[in-house]
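Everything below concerns the one structure shown next.
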Amino acid sequence: MSGYDPKAIERRWQQVWAEERTWEVANPGQPGFEGDKPKAYVLEMLPYPSGEPHVGHLKCYAVGDAIAHFRRRHGFEVIHPMGYDAFGLPAENNAIKTGEPPREATERSIDSFRRQFREWGISIDWSRELGTHTPEYYRWTQWIFLRLFERGLAYRDEAPVQWCPRDATVLANEQVVDGRCERCGTPVEQRRLEQWFFRITDYADRLLADFDQLESWPDHVVTMQRNWIGRSEGAEVSFRCEEVGLDFPVFTTRPDTLFGATFFVLAPEHPELERLVAGTPAEAAVREYVNDVVRASAEERGDEARPKTGVPLGRSVVNPVNGEEIPMYVADYVLMEYGTGAIMAVPAHDPRDYEFARSFDLPVRRVIEGSDEETARDAEGLPYAGDGPMTGSGSFDGKHNREAYEEIVGWLAAEGRGRKAVNYRLRDWLVSRQRYWGAPIPVVYCEGCGIVAVPDDQLPVELPEVEDYAPQGRSPLAAAEDWVATECPRCGKPARRETDTMDTFVDSSWYFIRYLDSRNEEAAWDRAAADHWLPVDQYIGGVEHAILHLMYARFFTKALADLGHLDVQEPFANLFTQGMITRDGAKMSKSKGNTVSPAEYVERYGADTARTYVCFMGPPERGGDWSDEGVEGVNRFLSRLWRLCEEVEGGEGAALEARAVEGDARALLAKAHWAIDKVTRDFQRGFQFNTAIAAVMELVNDAYRLKEGLHGDEQGAAAMRFAAATAASLVFPFAPHLGAEVWERLAGGRVWETPWPQADPELLSSDTVTLVVQVNGKLRDRIEAASDAPESELIELARASEKVRRHLDGKEVVKEIVVPGKLVNLVVR
RNA sequence: GCCCGGGUGGCGAAACUGGCAAAAGCGGCGCACUUAAAAUGCGCUGCCCCGAAAGGGGCUUGCGGGUUCGAGUCCCGCCCCGGGCACCA
C-alpha cells in the first residue's frame with residue numbers, strides 16, 4: 001500500500017487536462033462545435049489580480065467548478081472561462097509607493113493566479129483567457145464607450161461630484177460608503193467638476209422591471225438593487241414666486257398633503273438661490289450659510305441626528321392649491337441631487353419638516369386625521385405619516401387621502417400647476433477617473449469641433465508610459481505631453497486627448513461577453529457566439545458586488561441589446577452569492593494577521609482537500625470560520641476513500657444486478673444509491689454541497705463498517721467496488737483529481753466523460769420500515785413493520801408494544817393517527 | 001428608523017411538504033494496534049433526575065403566547081446578532 005499521495009495524483013491529472021485541452025469548447029461555426037448538446041455558461045466573477053489568490057477565490061472557484069462538472073456530466077456543453085480584472089487602484093498605489101510600473105506588478109500577480117488555478121485543478125477553458133488591461137481587450141472597452149457616446153448614453157457634464165482627496169480622483173456614488181471613499185476610507189469632498197457619465201438612469205425602470213426575467217437570484221440581492229434604484233411615485237408641483245417671477249417645481253410623494261404646506265425649502269446648491277436674494281437684506285446671511293454647508297463634509301451633512309439648520313430667504317411662494325403665500329428657506333436637509341432640489345414642507349406629516357418647523361417656530365397644520373390611538377400617543381400625534389380622512393383641505397375634506405390623491409394630481413395637471421412624476425434615487429454613473437491605471441477615454445478636445453470621438457480604426461487609444469503615477473488633481477496621463485497632443489480626427493487641427501481613464505467597473509461590465517470570442521481582432525465579439533452562449537446560466541461571486549458590478553453589467557447588457565449588438569436583456573439568469581470565510585470569527589486581513597494562504601494548504605494536503613473543505617464548511621451561500629482541524633477531517637475522509645480503493649482494486653466487475661444481491665452487500669448497494677440520490681438533490685436544491693459531501697462520507701463510512709463481512713464472497717467484493725467507485729464519481733465535482741483516479745482504477749475510463757449516476761428507485765425503498773409509535777405525541781417505541789402494511793395492522797402493532805402499553809394503562813384511546821410507512825400516534829385521555 | 005438574513009449540543013452544523021431533533025464533520029472520552037508516540041481502526045459523546053447495573057423517567061431548537069393528535073418548521077407579539085440603505089421629500 002502506498003497511501004494517499006495527492007501531489008502525484010493531482011500532477012498526473014492536471015497534465016492530462018492541459019495536454020488534451022479537456023475543458024475547451026468551440027463556438028458555432030468552429031470545428032468541434034457541439035451544437036446538438038444544450039449549452040451551459042458557468043461563470044465565476046473574474047478575480048482582481050493583486051498578490052496571490054486568497055481563500056475567497058478558492059471558495060468561489062471550487063463552488064463554480066463543482067457546478068460546471070455537474071452540468072457537464074448531465075450532458076451540457078459547458079463553457080467555463082477565466083480572466084483578470086487587471087486595471088485598478090491597488091496596483092497603481094503600489095506603483096506610486098515602489099515605482100514599479102503597475103503593468104509589471106499586475107502581470108506578476110496574474111502569473112501567480114493562473115498557476116494556482118491550474119494547481120487547484122479548476123476546469124477552465126484557457127483558450128479564452130483575457131486580461132482587461134491589455135490593449136486587445138480595452139480596445140473594445142473603448143469601442144463600447146464610443147457606441148454609448150454616439151447614442152448620448154455617455155456624456156460629459158459639470159455636476160457636483162464626490163472627490164476623494166487621498167486617491168485624488170472622483171468617485172461614483174456607489175463607491176462612497178458612509179461619506180467615505182470605499183477604497184481608502186478617506187472622507188469624500190463635494191466638488192463641481194466636468195466629468196463623464198453613463199446615462200444609467202434612463203434604464204432605471206427596465207432595471208426594475210426585468211427582475212421578472214431572472215430565473216433565480218437571491219432575494220436580498222434583488223432587494224438591495226431595488227432599494228438602490230429607489231423608485232418613488234408622486235407628483236411634480238409648481239410653486240410660483242411672484243416677486244422674482246419664477247416657478248419652483250418640487251417633487252412630492254404626498255400631493256394629498258398639499259394643503260398642509262406651511263413653508264418652502266431650497267437646497268443650498270440650488271441654482272436660483274443667488275437670484276432670489278441678490279441685493280436683499282437676506283443676502284449676507286444666506287451666503288454665509290451656503291458657504292458653511294459647502295465646507296462641511298458629506299459625512300457631517302448626512303448625519304440625521306444633527307439639529308436642522310437653515311436661513312430664511314425673505315421671499316415667498318404661492319401654494320397652487322389654495323393660493324396661500326408661504327415663506328422660503330434654504331436648508332441643508334434638502335438635497336440638490338434628488339428631485340428638483342426644492343421641497344414643499346408639510347411639517348404635520350413629515351418628520352424632517354416637523355423638526356425644522358419646531359426650530360424655526362413655523363406653523364404646523366394637520367390635514368390628515370389619524371386613527372384614535374395614533375392621535376392619543378402624542379398630544380397631537382404629529383408628525384403623522386399614516387393615512388386617514390382629510391381635513392383643512394377645502395373641497396377634499398372628509399375624503400380618504402388615498403382616494404383624493406389621484407384627484408389632486410388630476411386637478412394640478414388641468415390647471416397646469418403639476419403632473420404625475422416618478423423619481424429615482426439612482427444617479428447617472430460617473431465613469432471618469434483622474435488616474436493612470438485604467439482604459440483611456442477615447443475622445444479628443446478640439447478648439448473648433450469640441451468633443452470628438454476617436455474613430456474606431458484608431459482604437460485602441462493606448463495607455464502611454466509615464467514616469468510619475470501619482471495623481472495631482474489631474475490625471476497622470478496629462479504629463480505625457482507627446483501623447484496628449486494629437487490632431488483632431490474631424491478637422492485635422494491640433495487637439496488634445498482626454499486624460500481621464502475609465503472606472504474599472506466599466507471593464508468588468510462586459511467581460512463575460514468577450515470570453516465568448518476573446519481572440520477576435522475584428523470585433524468585440526461575434527454575434528453568433530454571443531447569441532449561442534448568452535445569457536450566463538450560472539453566475540457565482542461574492543455579495544459585495546450585489547449592487548455595483550451586477551447593476552452595471554445589467555445596464556451594459558440592455559444598452560448593447562438596444563444598440564443591436566446582443567440578443568439578451570439580462571446577462572445573468574441565475575446568481576449564486578457565496579458567503580465570506582472568516583478566521584477566528586473575524587474577516588481576514590493582513591493587518592490582523594489571520595489570513596489563510598490557499599497555496600500553503602494545497603501544498604500540505606493537496607488541492608482536492610482544500611477544495612472539498614471550503615465546500616463542506618457549511619452552506620456555501622453562508623460564511624464560515626476556517627478551521628485547521630476541519631481541513632484535516634476532510635483530508636482524512638479523502639484518505640479513507642483512497643485506502644478503500646486500494647483495498648478493493650482488482651477483481652472482476654463493479655456493476656451488479658441489484659435484485660440478485662442480498663444481506664450486507666445489498667445494504668451497501670442501497671446506501672450507494674441513497675448517496676447518489678442525496679448528492680443529486682443537494683446539487684439541484686441550491687448547491688447544498690456541505691450535505692452532499694456528508695452523504696459521500698456516510699457511504700464511505702458504511703463501506704468500512706461492512707467491509708469485514710463482505711471481503712469473503714464475490715458478491716460482497718463487487719458491492720465494495722461499486723460503493724467506492726460511486727463515492728469517487730460523486731466526490732469528483734469537489735475533488736476532481738482523486739475522483740478521476742479512483743474511478744479509473746475501479747471502473748476504468750474517465751469519470752468526467754461518464755454520465756452522472758442515477759439512483760435505482762428499487763434500491764431507494766426497502767421492504768421494512770421503522771415505525772415510530774407515539775402516545776400523545778411523545779415517542780414511546782420503534783417497531784419494524786412491513787412497508788406495505790395496512791393502517792389497521794400498524795395500529796395493532798403499536799398497541800401490542802410493551803413500552804406503549806405502559807403509557808396507555810388505564811386510559812382511554814380517543815384517537816389514532818396513522819402516517820403510513822412512518823408513524824402511529826395514539827391520543828389518550 | 002426602513003429592508004433583508006440568522007439565532008438548534010462544547011464548536012461550525014443537519015432535519016424533504018408540520019411527523020423519530022441533533023446526520024456528517026470537528027473537539028472530547030475510551031478501547032485495539034504499538035516498547036512508546038504518531039498514524040490507523042472500532043466504540044461512546046445534548047442536558048437533568050432515579051438506579052450498583054440493566055433499564056426507566058423528565059427536559060431541550062433565542063423569549064412569551066397561539067393553531068394542531070403532533071411545531072425547530074405555521075400564526076401573533078417581543079429580544080439578540082450579522083448585512084444593506086438611510087435628511088431621497
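Everything numeric in this text was worked out from a predicted model, so none of it was measured. All chains are named by letter (A, B, ...) in the order of the sequence lines, taking the proteins before the strands, and each is independently numbered beginning at 1.
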Between [M] and [N], how far apart are the [atom1] atoms? Round to whole Å, please.
{"N": "B:C85", "M": "B:G72", "atom1": "P", "value": "37 Å"}
{"N": "B:G9", "M": "B:A21", "atom1": "C1'", "value": "11 Å"}
{"N": "B:C63", "M": "B:G27", "atom1": "C1'", "value": "30 Å"}
{"N": "B:C26", "M": "B:U35", "atom1": "C1'", "value": "32 Å"}
{"N": "B:A89", "M": "B:C2", "atom1": "C1'", "value": "16 Å"}
{"N": "B:A53", "M": "B:G28", "atom1": "C1'", "value": "25 Å"}
{"N": "B:A13", "M": "B:A23", "atom1": "P", "value": "16 Å"}
{"N": "B:G82", "M": "B:G25", "atom1": "C1'", "value": "24 Å"}

*Chi class for B:G9: syn within 90° of 0, otherwise anti*: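 That one's syn.
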_Given the structure, check if the side chain of A:N227 and the base of B:C85 hold any donor-acceptor pair shorter than 3.5 Å._
no
Using a cut-off of less than 4.0 Å, is there contact between a side-chain N or O of [X] and OP1 or OP2 of [N]?
{"X": "A:H349", "N": "B:A89", "result": "no"}
{"X": "A:K778", "N": "B:C59", "result": "yes"}
{"X": "A:N690", "N": "B:A14", "result": "yes"}
{"X": "A:S232", "N": "B:A89", "result": "yes"}
{"X": "A:N825", "N": "B:U68", "result": "no"}
{"X": "A:Q688", "N": "B:A23", "result": "no"}
{"X": "A:R640", "N": "B:G25", "result": "no"}
{"X": "A:R636", "N": "B:A39", "result": "no"}
{"X": "A:R705", "N": "B:G41", "result": "no"}
{"X": "A:R685", "N": "B:U17", "result": "no"}
{"X": "A:R425", "N": "B:A86", "result": "yes"}

*Minimum side-chain heavy-atom gap A:N423-A:T253 below 4.5 Å*: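 With C-beta onward as the side chain, the pair stays apart.
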*Heavy-atom check, side chain of A:T340 versus side chain of A:P249, under 4.5 Å*: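 Side-chain contact under 4.5 Å: yes.
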Mind calculating the distance between [atom1] ([X]) and [atom2] ([N]) to the nearest angstrom?
{"X": "A:L779", "N": "B:G57", "atom1": "CG", "atom2": "C1'", "value": "13 Å"}
{"X": "A:E337", "N": "B:A89", "atom1": "CD", "atom2": "P", "value": "14 Å"}
{"X": "A:W674", "N": "B:A24", "atom1": "CH2", "atom2": "P", "value": "9 Å"}
{"X": "A:E355", "N": "B:C87", "atom1": "CD", "atom2": "C1'", "value": "9 Å"}
{"X": "A:Y338", "N": "B:C87", "atom1": "OH", "atom2": "C1'", "value": "12 Å"}
{"X": "A:F689", "N": "B:A23", "atom1": "CZ", "atom2": "P", "value": "24 Å"}
{"X": "A:E621", "N": "B:G83", "atom1": "CD", "atom2": "P", "value": "18 Å"}
{"X": "A:R622", "N": "B:G12", "atom1": "CZ", "atom2": "P", "value": "11 Å"}

Nucleotide paired to [N] in any strand shown, Watson-Crick or G-U, under 3.5 Å:
{"N": "B:A22", "answer": "none"}
{"N": "B:C85", "answer": "B:G1"}
{"N": "B:C59", "answer": "B:G46"}
{"N": "B:G41", "answer": "B:C31"}
{"N": "B:G51", "answer": "none"}
{"N": "B:U8", "answer": "none"}
{"N": "B:G64", "answer": "B:C76"}

*Would you indicate what A:R231 reaches in the nucleic acid, counting non-hydrogen atoms under 4.0 angstrom: base, sugar-phosphate, or nothing?*
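The answer is nothing, as A:R231 stays clear of every strand by at least 4.0 Å.
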*asked:* Quick check on RNA chain B: between A:E698 and A:M224, whose nearest nucleotide comes earlier from the 5' end?
replied: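 Final value for this comparison: A:E698.
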*Between A:A695 and A:I547, which is nearer to the 5' end of RNA chain B once each is assigned its nearest nucleotide?*
A:A695
*A:D628 and A:R604: CA distance, side-chain angles, deciding distance, salt bridge (Lys or Arg N to Asp or Glu O under 4.0 Å) verdict*: CA-CA 12 Å; A:D628 284 352; A:R604 189 165 344 144; 5.6 Å; no
To the nearest 0.5 Å, what is the distance between [atom1] on [X] and [atom2] on [Y]?
{"X": "A:I783", "Y": "A:L771", "atom1": "CD1", "atom2": "CG", "value": "5.5 Å"}
{"X": "A:K671", "Y": "A:W674", "atom1": "NZ", "atom2": "CH2", "value": "4.0 Å"}
{"X": "A:R254", "Y": "A:S232", "atom1": "CZ", "atom2": "OG", "value": "13.0 Å"}

*is_close_aromatic(A:F356, A:F263), centroid dist under 6.0 Å*: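 Under 6.0 Å, so yes.
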*Just say parallel, tilted or perpendicular for the rings of A:F687 and A:F683, cut-offs at 30° and 60°.*
perpendicular
